[in-house]
There are 2 protein chains.
Amino acid sequence: MKKKQSTREEILDAIFMLVYINGYNGTSMSMILKECNIPKGSLYHYFKSKKEMVLAVIKERLAPRMDKFYNFTDNENKHSIDILIDTIINISQKEQLIKYGCPLNRLNQEMSSIDKDFESAITQIYNHIREKIVLLLNKSNLEKDINIEKLSEFVIANVWGALSLSPTQSSKKRYLDTISYLIDYLKSLKN
Amino acid sequence: MKKKQSTREEILDAIFMLVYINGYNGTSMSMILKECNIPKGSLYHYFKSKKEMVLAVIKERLAPRMDKFYNFTDNENKHSIDILIDTIINISQKEQLIKYGCPLNRLNQEMSSIDKDFESAITQIYNHIREKIVLLLNKSNLEKDINIEKLSEFVIANVWGALSLSPTQSSKKRYLDTISYLIDYLKSLKN
DNA sequence: CTTTAATTAGACTGAATGGTCTATCTTAAT
DNA sequence: ATTAAGATAGACCATTCAGTCTAATTAAAG
């Protein structure tokens, strides 16, 4: 029994998946209409344009998803580095991420250079998750001369990069192989 | 004085830049026509469809560009790791790469999951450059238990990731900051 | 010079695009 | 029961899309 969702929520869910896989320009209104099985009048009742729809998806679907994903368990015993490593490894469990890469990164590459509104919405999410990693890493001692801001960007770059490699052979194993050196390096930074 | 190029070559150059920045679905025939300042008849005389044009761009522009970029100087004296580091740092000199990211990675994320022909053309280039890195690293001694295949993917993932981070603040400095830890790590692998 | 092939030119086509509009139906408040 | 707001429905619109077609022009070959 599926939980009854409001029409607006259903629309956001459908658009999220369509845009995730096909991109913004690769997703047409007719695809959205078909996927939602909703008349055009309803769609444009809730949103005033395609762009508004996708910006809403970014704020109401993508942002919470990213936030939840990097919601580090507040485990006082564990070293920050180990919590971070757990999170990175945990990504390998998400089939969609392995198959299609990071939805934020995909949208970023497609839209940020051609639309300011997309750019700022995406940058906001990016800064937010980077800050969360910074906060996490500040909790434990690291090797001296480690700039935590830079290290956080390095970690994100690694994960996004590993998820974006040629998808033909994309698999959980391949992702874990690729980030194994990142994990190596992170471990070496524990005071 | 600009070198006289054949019409076909001019078309490929124009499409390369348009697709690099706007993506495949974000680039329309009218944009291409305008940029080339060439009538439609000529365009469709050389290529039978938009898709054929972009596949030709991948093979005749993107592939050689990538190949040339990872054409490691055959310096016998230098350690492979140092040659690789030089190449990675050299990327910071390319303004376009810093601003828009890796063209192969952009196209990969947009097209690989929705079109098999794009996927295979892109994967081919990807495998090729990875093999070049593998060959390079095989020339010098590294720490034992280093799997060079995996390490090569790790390096590519890093660079692509670093180039794809939120573009608002994208800059040479930021790129270099992000990969500084990669360079650290690579140095530590020299026997 | 003549013939043939390559190229240029752009008007035109049908389908698809994002978006509008009015009418109807449903729900909730009075 | 009445009214008003919210939501559904889909026909319709101008524009743009990728692609076709025929005619004119240019270049190459004999």
Side-chain angles (χ1 to χ4, degrees), chain A residues 2-61 107 110-111 114-119 121, chain B residues 2-61 107 110-111 114-119 121:
Chain A
K2 63 177 73 166
K3 198 159 127 210
K4 167 77 168 135
Q5 266 200 124
S6 79
T7 308
R8 191 174 179 281
E9 303 304 305
E10 276 176 38
I11 294 169
L12 290 177
D13 285 337
I15 296 178
F16 174 84
M17 278 311 295
L18 285 171
V19 172
Y20 180 17
I21 291 162
N22 305 102
Y24 179 81
N25 286 312
T27 302
S28 67
M29 289 310 299
S30 63
M31 289 164 78
I32 294 171
L33 260 2
K34 197 177 172 186
E35 184 69 22
C36 297
N37 202 22
I38 269 171
K40 219 165 200 181
S42 298
L43 249 187
Y44 282 93
H45 170 71
Y46 291 104
F47 307 97
K48 75 173 212 273
S49 70
K50 181 186 172 191
K51 182 175 166 179
E52 290 298 321
M53 290 173 207
V54 178
L55 286 174
V57 165
I58 293 173
K59 277 157 199 154
E60 300 174 39
R61 286 290 178 279
L107 212 48
E110 183 188 4
M111 299 305 295
I114 53 178
D115 189 297
K116 289 283 166 207
D117 297 318
F118 277 87
E119 189 199 287
Chain B
K2 60 178 72 169
K3 200 159 129 210
K4 167 84 166 124
Q5 267 199 125
S6 79
T7 308
R8 190 173 180 282
E9 303 304 304
E10 278 176 36
I11 294 169
L12 289 179
D13 286 337
I15 297 178
F16 174 84
M17 277 310 295
L18 285 170
V19 172
Y20 181 16
I21 291 161
N22 305 101
Y24 179 81
N25 285 312
T27 302
S28 66
M29 290 309 298
S30 63
M31 289 163 78
I32 293 171
L33 262 359
K34 197 178 173 186
E35 183 71 20
C36 297
N37 203 21
I38 270 169
K40 220 163 200 181
S42 298
L43 250 187
Y44 280 95
H45 169 71
Y46 291 104
F47 306 96
K48 74 173 214 274
S49 69
K50 182 186 171 190
K51 181 174 167 179
E52 290 298 321
M53 291 174 206
V54 178
L55 287 173
V57 166
I58 293 174
K59 276 157 200 156
E60 299 174 40
R61 287 291 178 278
L107 211 49
E110 182 188 5
M111 300 305 295
I114 53 177
D115 188 297
K116 289 281 166 209
D117 297 318
F118 277 87
E119 189 198 286

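Both backbone and side-chain heavy atoms feed into the values below; hydrogens, waters and symmetry mates do not. Remember, it's a predicted structure, so these values are computed and weren't measured experimentally.
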Close side-chain approach of A:Tyr24 and A:Asp115, heavy atoms under 4.5 Å = no
When rounded to whole Å, the CG to C1' distance for the pair A:Leu33 and D:dA9 reads 11 Å
According to a strict under-4.0 Å criterion, is B:Tyr44 in side-chain N/O contact with OP1 or OP2 of C:dA9?
-> no
Among the nucleotides D:dA18, C:dG18, D:dT8, whichever has the atom closest to the side chain of A:Met29 is C:dG18
Under 4.0 angstrom between A:Tyr46 side-chain N/O and D:dT8 OP1 or OP2 = yes
Taking CZ from B:Arg8 and C1' from C:dT7, how many angstroms apart are they, rounded to a whole number?
-> 14 Å
Quickly work out the A:Glu52 CD to C:dG18 P distance and round it to whole Å.
-> 15 Å
Heavy-atom check, side chain of A:Thr7 versus side chain of A:Ile38, under 4.5 Å | yes
B:Glu10 versus B:Glu35: any side-chain heavy-atom pair under 4.5 Å?
-> no
May I ask you to verify if any side-chain N or O of A:Ser30 is less than 4.0 angstrom from the OP1 or OP2 atom of C:dT17?
-> yes
Check whether any side-chain nitrogen or oxygen of B:His45 sits under 4.0 Å from OP1 or OP2 of C:dT7, and answer yes or no.
-> yes
Which of B:Arg8, B:Lys50, B:Met53 passes side-chain contact (heavy atoms from CB on, under 4.5 Å) with B:Leu43? It is B:Met53
Whole-Å distance separating the NZ atom of A:Lys34 from the C1' atom of C:dA16 = 14 Å
Starting from C1' on D:dA18, measure out to CZ on B:Phe47 and report it in whole angstrom.
-> 16 Å
Rounded off to whole Å, could you give me the CD1-to-C1' distance for the B:Ile32 and D:dT16 pair?
-> 14 Å
Do other residues, nucleotides or ligands put more than 12 heavy atoms under 6.0 Å from A:Lys34 NZ?
-> no
Between D:dG19, C:dT8, C:dG19, which one does the side chain of B:Thr7 approach most closely?
-> C:dT8
Look at the side chain of B:Lys40 against the base of D:dG19 and say whether a donor-acceptor pair falls under 3.5 Å; ignore hydrogens and angles.
-> yes
Would you indicate which nucleotide in C:dT8, D:dT20, D:dT8 comes nearest to any side-chain atom of A:Pro39?
-> D:dT8
Quickly work out the A:Asn37 CG to D:dT8 C1' distance and round it to whole Å.
-> 13 Å
Closest nucleotide of DNA chain C for A:Gly41 versus for A:Thr27: which of these residues is on the 5' side?
-> A:Thr27
Return the value, rounded to whole Å, for the distance between atom CE of B:Met31 and atom P of D:dT15.
-> 20 Å
Are OP1 or OP2 of D:dC17 and a side-chain N or O of B:Ser28 less than 4.0 angstrom apart?
-> yes
